[in-house]
Amino acid sequence: MSTGNRKTVTPPRVTIPIGPQHPALKEPGMFKLTIEGERIVDAEVNIGYNHRGIEKLAESKTHLQVLYLAERICGICSATHNGNYAQAVEMAAEVEIPERAKFIRTLTWELERIHSHILWLGVAFHEVGFDTAFMYSWRDREIVMDMLEDLSGNRVNYSMNTIGGVRRNVSEELRSSLLTRLDKLEERMIYYRDVAIQEKTFWNRVDGVGVLETSVARATGAVGPTARGSNVPVDVRFNDPTQAYVHLRDSGEFEMILSERCDVAGRAIVRVVETIESIKMCRWLLQNLPDGPIRERVRPRVQPNEVLARYEAPRGEVVHYLVTNGTDKPERWKVRAPTHANWVSMRHTLIGNYLADAPIILAAIDPCFSCTDRVTIVDTDDNLIESVPLDIMRVRANKWYRQNGGKF
Amino acid sequence: MGFLQKLINKARVKSPYVFHFNSGSCNGCDIEILAALMPRLDLERFGVKLVGSPRHADIMLITGPVTEQIRPRLQRIYEQMAEPKFVVAVGSCACSGGVFRGGYNVLGGVDQAIPVTAYIPGCPPKPTAITFGAYKLLEVLSKAFGVAEKKEKEEVPFDITAAQSEGVAET
Amino acid sequence: MSNQDNVSIFRPALEEGHEDEYALLNQIKSEMGDIIIEEGTYVHIQPRRVFIQIRPDKLRDFVKYMQEKHGMWQFSTLSGRDLGNDLQANYHFFINDKKIAVTIRINVPRTMPEYQSITDIVPAAEFVENELREMFGLVPVGHPNPRRCELPENWPADEFPLRKDWQDPRGLMKRSQTTGPKEVK
Amino acid sequence: MSRLGAMEKELLKSIKKKPATVIYPFTKEGLNIPVGLRGRWTYKNPDRCTGCKICERVCPSSAIEMVECGPDDIQTKTGWRPICHFDRCILCAQCVESCPRSVLELSAEFEMAFLSRDDMIIR
């Protein structure tokens with residue numbers, strides 16, 4: 001019988017662990033992608049390679065020392081954790097810091113957002129194989145890095161905040177120089193917005209890729225540009241403002257950036273437009289900088305209290321839950337970094353997409369990202385193990401797109 | 001030393017391939033390493049190339065205090081590198097554990113897991129410091145291999161305070 | 001129940017200036033009053049913060065009620081605390097429409113640290129519930145995907161580093177205070 | 001949606017531009033070295049030091065250690081002086097800020113590379 005010889009050909013189901021190595025950027029993480037042919041059918045995230053036991057360590061340090069420990073949770077959002085911890089301790093001690101300190105703190109936060117988003121933009125350009133724009137954007141990122149260095153004295157860990165205010169003042173000279181450079185930066189960012197939207201090299205690779213529906217984004221607790229790219233209005237700067245964001249919100253000149261696209265392109269647009277908005281915020285803050293002292297004395301022993309401090313980091317909402325007990329050390333300090341909230345939704349963005357798109361989808365949540373570097377392909381049938389660096393994977397992805405996408 | 005060996009050593013010093021490994025760092029050092037390879041300081045001028053596989057690399061740049069979970073992977077990757085291999089610890093965490101000393105899940109420095117050739121302190125080191133570190137390591141290597149150039153390049157004297165008073169450099 | 005230090009950490013706010021928060025808390029109290037434990041329930045002096053302590057066995061009911069009645073879909077995080085005799089789990093939610101952060105907490109006895117997982121109704125809680133189990137030994141019963149996520153693979157299963165009585169039996173914290181390179185083979 | 005030209009114009013423009021690369025380490029021109037850069041830890045004014053140990057206490061990474069003054073050092077009031085284990089220093093400048101008599105400083109020197117951890121103790 002002829003039907004007896006018929007063979008049903010199903011694409012083999014293969015599991016690909018990605019990570020934990022990464023020569024490019026961020027935390028070591030591991031993604032196990034299960035694929036059928038070119039389609040991803042399941043994804044699992046393994047973390048913990050970067051677990052340093054910070055929360056335990058903090059219980060043996062004073063509030064002032066934890067401030068610097070908090071800064072080193074993440075090198076890209078260092079001012080975020082540093083400032084948010086400072087603000088948590090101030091809330092616990094029920095101290096109101098001077099207005100000028102609030103403005104300078106917010107200015108550091110916003111400048112950091114600009115640098116982080118330009119960094120992401122560069123990485124996204126790199127992941128889709130558009131290295132010219134990658135180099136351009138990193139060249140222009142040096143402008144904002146120099147601004148931060150002039151402001152704080154270090155390029156990455158700014159140590160600008162202290163408990164009760166900020167540590168460095170903004171001189172009149174620095175203020176005008178920052179304003180000039182903000183103009184230049186804005187011009188460049190508008191240009192990158194046009195590149196991101198109009199260059200088909202970039203657009204065709206992100207359009208309709210990695211879809212995360214609004215309902216899924218809500219249920220899985222996505223935060224930051226990942227959620228706002230799916231039209232979920234979560235932005236702590238507007239929903240739960242602290243520091244000078246209260247003034248920024250009240251001025252009515254700024255608005256939450258949302259996109260209805262739900263795909264990687266939506267997230268890219270949210271980030272680029274948000275950068276331009278951030279530049280405007282920085283300018284507003286510098287122009288309306290009030291006079292006065294920059295720090296308030298806070299006693300090292302903080303009264304027993306519990307606070308929940310929230311702030312919108314470049315990648316999303318940061319939550320610090322701090323319990324103080326009357327000594328100069330924290331009783332319990334819990335940190336929820338934004339990427340941690342995005343892991344759950346990541347699975348949904350990956351499923352159903354092509355393997356070739358995996359690097360850009362992983363990069364799109366800005367996952368303290370570099371996890372995506374060395375890929376090991378394990379064939380489940382004969383246990384053949386092949387080690388593939390991400391750059392080769394990227395070349396394969398580009399080749400696959402040339403053959404199948406054909407839009408380049 | 002045979003002529004061929006000398007040639008190989010010379011080539012090695014002229015164009016070292018580096019591999020970057022994050023052993024639990026905060027990403028600060030990682031982006032600064034990347035920034036050192038970017039247009040402003042273009043480390044590739046010295047022939048330094050960032051590669052994705054330890055098998056291709058001569059120098060491994062390590063950032064981070066080495067967490068317990070990553071230690072066996074770090075040691076395995078170190079073993080995979082071809083001889084001669086050099087390890088550079090970038091940043092305070094990689095040098096000694098830095099602010100994470102006393103944590104229950106870190107080893108406190110790369111030298112607790114694998115031998116380290118050079119240390120670049122700083123939290124994080126500026127890209128210029130990384131460039132300087134790479135440059136210095138190349139000098140040391142060329143001496144060790146006996147391929148140092150006879151004539152030392154003269155450094156242009158530079159006054160830091162003068163540059164600071166001039167204000168901000170134009171980008 | 002709880003030791004004395006923890007009673008004093010509550011700093012309730014005056015009604016004035018916190019009308020929205022009190023309105024929400026009073027509505028919840030009138031509708032779900034039987035499962036709320038008064039001791040840890042209050043409006044915090046910080047703007048937009050409400051803390052609610054409930055009976056551990058009613059956690060799922062309460063979360064479902066909050067989702068249906070108050071549109072509480074944004075889950076922030078889950079943090080644990082060691083209170084001595086009890087272990088505490090704090091679920092931090094944010095009500096986006098009313099702009100109020102709600103913390104739901106449950107105390108479970110240290111001898112039987114188990115409660116019902118809410119991962120199936122709040123998918124975002126998957127990672128943090130795993131994390132809480134590792135760090136405090138608070139077991140979410142019915143978790144769909146229990147696995148190790150933060151600690152290294154060779155970590156003993158009966159040690160929970162964030163409990164206050166964890167005394168570092170293997171000298172790990174001392175080991176990492178290095179002063180020089182270690183001789184390696 | 002897509003059109004040509006956004007990138008090409010920029011490419012043409014950059015022909016006329018100066019190269020963005022700074023030719024460090026042969027010259028430091030063009031680098032951004034701001035006032036107040038946090039660089040190498042220095043024991044700048046030993047004559048003012050009283051040996052009060054505040055710097056040791058505030059250091060988040062326990063990089064500063066108090067040692068007894070040697071015979072060549074300037075003798076402080078308590079007979080102790082700080083040294084810095086620079087491999088642990090995180091350049092936060094909290095010791096500089098906490099010092100009541102501005103003894104310490106983080107200088108603008110940032111070019112640091114060492115071959116051994118023993119060389120990294122700054123006296």
Side-chain angles (χ1 to χ4, degrees), chain A residues 20-28 48-54 56-57 60-61 65 68-69 71-78 119 122-123 134-136 138-143 145-147 149-150 154-157 173-174 177 180-181 184 368-371 373-374 387-392, chain B residues 18-35 37-42 50-57 61 63-70 73-74 77 80 91-93 97-106 122-128 167-171:
Chain A
Q21 254 57 271
H22 53 88
L25 291 170
K26 281 218 153 207
E27 297 171 308
Y49 296 93
N50 223 340
H51 178 69
R52 291 160 290 184
I54 289 175
K56 185 75 182 176
L57 202 52
S60 61
K61 289 179 188 278
Q65 291 171 337
Y68 299 109
L69 180 66
E71 191 167 35
R72 280 149 186 90
I73 291 173
C74 173
I76 298 179
C77 6
S78 64
L119 182 144
V123 170
F134 171 45
M135 290 289 169
Y136 273 141
W138 274 69
R139 184 192 71 192
D140 292 324
R141 180 173 164 271
E142 291 292 324
I143 302 174
M145 295 309 280
D146 286 350
M147 287 162 77
E149 195 177 15
D150 290 349
N154 199 336
R155 279 168 58 96
V156 170
N157 290 324
E173 213 174 280
L174 180 61
S177 121
T180 338
R181 283 181 279 174
K184 176 152 190 213
C368 284
F369 137 88
S370 62
C371 335
D373 213 80
R374 251 163 54 90
S387 219
V388 188
L390 187 66
D391 41 2
I392 295 175
Chain B
V18 300
F19 169 67
H20 164 223
F21 186 86
N22 176 336
S23 61
S25 115
C26 70
N27 293 317
C29 301
D30 310 46
I31 54 170
E32 294 298 77
I33 288 172
L34 207 54
L37 288 154
M38 286 299 130
R40 168 74 75 83
L41 274 162
D42 204 2
L50 193 68
V51 292
S53 163
R55 300 288 298 171
H56 302 166
L61 298 176
T63 58
V66 190
T67 60
E68 191 65 51
Q69 179 102 317
I70 210 89
R73 286 142 183 107
L74 173 64
I77 282 171
Q80 280 173 12
S92 297
C93 299
V99 77
F100 301 112
R101 287 174 88 242
Y104 60 81
N105 205 30
V106 298
C123 194
K126 277 164 72 97
T128 34
V168 193
E170 208 170 303
T171 347

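All figures in this text were calculated on a predicted structure; none of them were measured in a lab. Below, chain A is the first sequence line, B the second, and so on; all start at residue 1.
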| request: May I ask you to test the A:M147-A:D150 pair for a side-chain heavy-atom distance under 4.5 Å? | output: no
| message | Under 4.5 Å from any heavy atom of chain B, what part of A:L174 do you find: side chain, backbone, both or neither? | response | neither
| message | As an exercise, state the distance from OG1 of B:T63 to CD1 of B:I31, rounded to the nearest 0.5 Å. | response | 11.0 Å
| For B:E32, is it the side chain, the backbone, both or neither that has a heavy atom under 4.5 Å from a heavy atom of chain A? | side chain
| task | For the residue pair B:F21 and B:F19, categorise the inter-ring angle as parallel (less than 30°), tilted (30 to 60°) or perpendicular (more than 60°). | result | tilted
| remark: Under 4.5 Å to a heavy atom of chain B? For A:N154 that would be side chain
| Of the backbone (N, CA, C, O) and the side chain (C-beta and beyond), which part of B:P124 lies under 4.5 Å from a heavy atom of chain A, both, or neither? | both
| said: Does any backbone or side-chain atom of A:Q65 lie under 4.5 Å from a heavy atom of chain B? Answer side chain, backbone, both or neither. | reply: neither
| note | Looking only at B:P65, B:C29, B:A35, the option with the highest number of non-hydrogen pairs under 4.5 Å against chain A is B:A35
| request: Look only at the side chain of B:T67 and the backbone of B:N105, and say whether a donor-acceptor pair between them is shorter than 3.5 Å. | output: no
| If we only count heavy atoms from C-beta on, is the A:M135 to B:M38 side-chain gap below 4.5 Å? | yes
